[in-house]
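So the structure is just underneath, and the comments pick up after that.
Throughout, numbering of the chain's residues begins at 1 and tracks the sequence. Just follow the structure's listing: the first ligand is 1, and inside any ligand the first atom is 1.
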Amino acid sequence: MATSLKTSSTFCSTQQNRWLQPTRDLILHSSSHSNVKQCKSKKIKRPASLCVKATSSKVELDFNDPSWKQKFQEDWEKQFNLPSITDIYDLKPRPTTFSLKKNRTPTGDENVDMWNGYVNNDDRALLKVIKYSSPTSAGAECIDPDCSWVEQWVHRAGPRKEIYYEPEEVKAAIVTCGGLCPGLNDVIRQIVFTLETYGVKNIVGIPFGYRGFFEKGLKEMPLSRRLVENINLNGGSFLGVSRGGAKTSEIVDNIQARRIDMLFVLGGNGTHAGANAIHEECRKRKLKVSVVAVPKTIDNDILLMDKTFGFDTAVEEAQRAINSAYIEARSAYHGIGLVKLMGRSSGFIAMHASLSSGQVDVCLIPEVPFTLDGELGVLGHLEHLLKTKGFCVVCVAEAAGQDLLQKSGATDASGNVILSDIGVHMQQKIKTHFKDIGVPADVKYIDPTYMVRACRANASDAILCTVLGQNAVHGAFAGFSGITSCICNTHYVYLPITEVIKAPKRVNPNSRMWHRCLTSTGQPDFH
Ligand SMILES: Nc1ncnc2c1ncn2[C@@H]1O[C@H](COP(=O)(O)OP(=O)(O)OP(=O)(O)O)[C@@H](O)[C@H]1O
Ligand SMILES: O=P(O)(O)OC[C@H]1O[C@](O)(CO)[C@@H](O)[C@@H]1O
Ligand SMILES: [Mg+2]
């Protein structure tokens, strides 16, 4: 049996704790009748999880081959190579116009050559820094059976000494798509500031997401440092956002008609897929356009990066809801505080808010199945908590426990599944349960919904936004396109969009972070 896993995310093999993360499409060959699985082509006996085939690059890894590591790294290099407008055009670079050095030489020329503040195109950052000694190490991400150390380098972000656009001739556009997220205005602001520093004069905002490219009556907004100076003081998006309308061809017609040279796209998974489609279409039409994305989502569900901007702020806001639930529960006789937090496909906000607040007794996330009823169910544990400590707080991620609910089958304008309401369901179940067993319980349910994202970025997000926004502009001037500006392993890097959109990032139930959360809540397994 060959199972094609169209994902670059860590995926759990048949053996728990054994996680593989070669960021490419993988084919897992397994024999259906035995626990010992074989690599189909080589007939090598080893667990299924260790038979890895990189289909996208047609490189099959055979770990008995002494040069497998070199092959892996060559393949990695190809995968993470940054697409550039120089791939389709024979372009001559020019010296950059970006310089922070204000001192001038006696002749009045900027002393650009002497300044060493540029990033070399060959600079790299390491994506992973832990050497796991065994696949059974907590959170291990292994490539081969011995969990060998393999360097996985990605391209360092920042200003280059040479650029591929004449700033005076550039028209740059910014668009914000998907749901709101703290920090959108900070990124818009920094993109504008940095473009102006290069000398760009023609900067426009596209209103209301991708819709602004084709909806009649929506006009582009001229942007300048003066106009965006204070927009970071408010949440939301200065340009507006929207979902739906994935009309790549029309969008690119519009880009062509408006003579846009650089497009900065702020958004989540969907937006990145859209940005990559625009980049591909521009390439097909041989347009000299750089499409650069900046990963935005409170959900923190984009692959490979430490975090997306807005996530920290959302967690901080979520903490306030948890604190209110705690105070309500603590002050009531047999109080049960229940908080539902956003996260379309992953439990990062719930896990981090539970950890940071320290007030949560039970944290439920979509990555870890649970039951409500029965001996091992959540309700029984709540009974125990009321008996032993008199009150409790539950934090549930919106995508958790969907298997317990009827599916609506509905989708939003972008095609995202509309989730059934686990918060309301749990509230009812808890009330009914305690009524049935004749134990008083005072349930206080809080759903902070949009409050966690319709706010201004906190300090750490504001800094992240500043760096990512600036680097997005540096990336475009360096000629890259189809890339995203992000933070990996604490360093600022560029990744090809294709590598980050293969699947949504999800909480690894074998990670130390989830285990830390369990230690903090003290909750048992609920299944
Ligand atoms: N596969 C795709 N190809 C092209 N465009 C897409 C694709 N998926 C989504 N889009 C477009 O990207 C935009 C944003 O998508 P979506 O609503 O899924 O938000 P998102 O970027 O994932 O952010 P959020 O984290 O808020 O969900 C929409 O206009 C949508 O039409
Ligand atoms: O803005 P909308 O369409 O209500 O979408 C809400 C969704 O957007 C997010 O805030 C970001 O993806 C999710 O956490 C949530 O499920
Ligand atoms: Mg999305």
* To do: For Glu250, enumerate each residue passing the salt bridge (Lys or Arg N to Asp or Glu O under 4.0 Å) test, keeping only those at least two apart in sequence or located in another chain.
  =>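 None.
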* In chain order, what residues pass the salt bridge (Lys or Arg N to Asp or Glu O under 4.0 Å) check against Arg456, with sequence neighbours excluded? ->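 Counting only residues at least two positions away or on another chain, Arg456 forms no salt bridge (Lys or Arg N to Asp or Glu O under 4.0 Å).
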Nearest to [atom], what protein heavy atom do you find, and at what distance?
atom	result
atom 19 (O) of ligand 1	Arg243 NH1, 3.2 Å
atom 30 (C) of ligand 1	Ser414 OG, 3.5 Å
atom 26 (O) of ligand 1	Gly179 N, 2.8 Å
atom 4 (C) of ligand 1	Gly274 CA, 3.3 Å
atom 29 (O) of ligand 1	Gly244 O, 2.7 Å
atom 2 (C) of ligand 1	Ala273 CB, 3.5 Å

* Asked: Who gets closest to atom 7 (C) of ligand 1 by heavy atom: Cys177, Ala277, Gly270?
  ->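 Closest candidate by heavy-atom distance is Gly270.
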* Part of Asn416 within contact of ligand 1 (heavy atoms, under 4.0 Å) ->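 Answer for Asn416: side chain.
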* Asked: Side chain or backbone of Arg211 under 4.0 Å from ligand 1, or both, or neither, by non-hydrogen atoms?
  ->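 For Arg211, no heavy atom sits under 4.0 Å from ligand 1.
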* Asked: What are the atoms of ligand 1, with element, lying closer than 4.0 Å to any heavy atom of Gly268?
  ->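 Near Gly268, the atoms of ligand 1 are 20 (P), 21 (O), 22 (O), 23 (O).
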* Which atoms from ligand 1 have a heavy atom of Thr297 less than 4.0 Å away? ->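 Those of ligand 1 that fall under 4.0 Å from Thr297 are 25 (O).
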* Stepwise, does the side chain to side chain contact (heavy atoms under 4.5 Å, CB included) test hold for Cys517 with Arg512? -> CA-CA 9 Å; Cys517 187; Arg512 285 295 306 129; over 6 Å; no
* To do: Could you tell me whether Glu229 and Arg189 make a salt bridge, using a distance below 4.0 angstrom between a side-chain N and a carboxylate O?
  =>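 So Glu229 does not pair with Arg189 through a salt bridge.
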Using a 6.0 Å distance limit plus a 45 degree cone around the ring axis, check whether [X] lies over the aromatic ring of [Y].
X	Y	value
Lys307	Phe348	no
Lys296	Phe309	no
Lys288	Tyr165	yes

* ligand 1 contact by Arg344, heavy-atom criterion under 4.0 angstrom ->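 Flag set, Arg344 near ligand 1.
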* Output yes when the distance from some N or O of ligand 1 to some N or O of Thr271 is under 3.5 Å, and no in every other case. =>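 By distance alone, the answer is yes.
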* Among side-chain atoms of Thr176 and Ser237, is any donor-acceptor pair under 3.5 angstrom? ->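 Looking only at side-chain atoms, Ser237 and Thr176 do form a donor-acceptor pair, the distance falling under 3.5 Å.
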* To do: Answer with yes or no whether the side chains of Gln359 and Ser357 bring together a donor and an acceptor at under 3.5 Å.
  =>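 Checked: Ser357/Gln359 side chains show no N/O donor-acceptor pair below 3.5 Å.
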* To do: Using side-chain hydrogen bond (donor to acceptor under 3.5 Å, both in side chains) as the criterion, list what pairs up with Asn234, not counting sequence neighbours.
  =>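 Checked Asn234 against side-chain hydrogen bond (donor to acceptor under 3.5 Å, both in side chains); zero matches.
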* Examine His352 together with Phe311 and report whether their ring centres are nearer than 6.0 Å. =>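 So the answer is yes for these two rings.
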* For the student: nearest non-hydrogen atoms of Val443 and Ile430, plus distance ->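 Reported closest heavy-atom pair: CG2-CG2, 3.8 Å.
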* Please list, by chain and number, the protein residues whose heavy atoms come under 4.0 Å of ligand 2. =>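 Residues near ligand 2: Arg243, Ile298, Asp299, Met342, Gly343, Arg344, Glu398, Tyr450, Arg453.
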